[in-house]
There are 2 protein chains.
Amino acid sequence: MRTLYDFPPSGNCHKVRMMLSMLGLEYEKRTIDLLKGEQNTPAFLELNPRHKVPVLVDDGVIISDSAAILVYLVRKYGGKDWYPDDAEAMAEIQKWLSFSVNEVFNGLALSRAMVIFNRPMDADAVHKIADIALAVLESRLKESDWLALDRPTIADIACYPYAAAIGEGNISLAAYPAIRAWLARVEDLPGCVAMAPYQPAH
Amino acid sequence: MRTLYDFPPSGNCHKVRMMLSMLGLEYEKRTIDLLKGEQNTPAFLELNPRHKVPVLVDDGVIISDSAAILVYLVRKYGGKDWYPDDAEAMAEIQKWLSFSVNEVFNGLALSRAMVIFNRPMDADAVHKIADIALAVLESRLKESDWLALDRPTIADIACYPYAAAIGEGNISLAAYPAIRAWLARVEDLPGCVAMAPYQPAH
């Protein structure tokens, strides 16, 4: 029994949907509608006091936080190719997991949230972080096909959805050919589920 | 040869200083003065295109990002007590590493940065995240002495500095006895270096 507490437009939830699909794992979804505040109910806060999706419940084990769920899934079901064991490789991947929580979320995800959810924000500050996020990604992806270790790892999964959806934040990837090529490579991975366009009526 | 690119008031740098001390590892420091913009020089961006300290160079291996450096140090020099090997335990720790990058930084660190560095910010938004960060920490620490796994791990190191320094953000821990007791427990760990008060003239 495996249940994903999910919000369809969420890129953080999408990371988990992608990984579950790529590992061939069955699950059911329970929608937590963030626009209706369902992440603030006492029942949901029992699962995650951080008021956030995704949460995965896997045979009674509760795991919250998208990066943590990726670590859990690949270490439990996917082997060490996705997240290896030696200090240097783990640190390299952790750097991108932190980057996904920091610049990718605070820059790319919030640029999109301002547009699709009309969330009031300091647009200049958010776009400045988005510029750094895109510059860092482009610079790395000019040198390598993948973010860490020259092969697909959870670093790529963690950074993919909000980069793929940045057009919905009215930011063009025209000047970022290496990012565009990487998005296509991620989408070609076996079992990958591409980030879907935002649909307001869900 | 081990060099830490360091900014003395930075809590993210302090995590690395703590861990190096707790593992008994010698190193030298090179100050990157963020207030003078030294994180934006071409030479520094070669080390870390994210414009951020800390960066650790360990026998030629360059590791940036405080959480990544913690993972590297404990896996290379500290054994698996600090960051174990099984899926569930790793996910539990990763959750707190993400929390340290997200709520702890965006709430606790920025509350302090607004005060000590006079950084212009949306104070209400930052304080709202700080409230969630403190509530989540207090709730966990009422149940357990440590953030993850009922023993000290890099989860505690990653969350300690900006919680310890939150008084400098003019936020009181009077209502958070479990956090205060945990800060004291962290500071009692062998080799721990407590977060020092901010000193403007560094």
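These numbers were taken from a predicted model, which means no experiment stands behind them. To find a chain, count down the sequence lines: A is the first, B the second, and so on, and within it residues start at 1.
From A:R50, atom CZ reaches atom CG of A:L45 across 12.5 Å, with rounding to the nearest 0.5 Å. For the atom pair OH (B:Y72) and CD (A:Q94), the distance works out to 15.0 Å, reported to the nearest 0.5 Å.
In this structure, chain A has a heavy atom under 4.5 Å from the side chain of B:E103, while its backbone stays farther away. In this structure, chain A has a heavy atom under 4.5 Å from the side chain of B:Y83, while its backbone stays farther away. Residue B:D122: no heavy atom, backbone or side chain, is found under 4.5 Å from chain A.
For the set B:P49, B:A67, B:S98, the count of heavy-atom pairs under 4.5 angstrom toward chain A peaks at B:S98. Between chain B and the options A:N106, A:I69, A:I132, A:I63, the largest number of non-hydrogen pairs under 4.5 Å is found for A:N106.
A salt bridge does not link A:K15 to A:D65: none of the charged nitrogens lies less than 4.0 Å from a carboxylate oxygen. For the pair B:R75 and B:D85, the salt-bridge criterion is met [side-chain N within less than 4.0 Å of a carboxylate O].
No side-chain donor from either of B:Y27 and B:D6 sits under 3.5 Å from a side-chain acceptor of the other.
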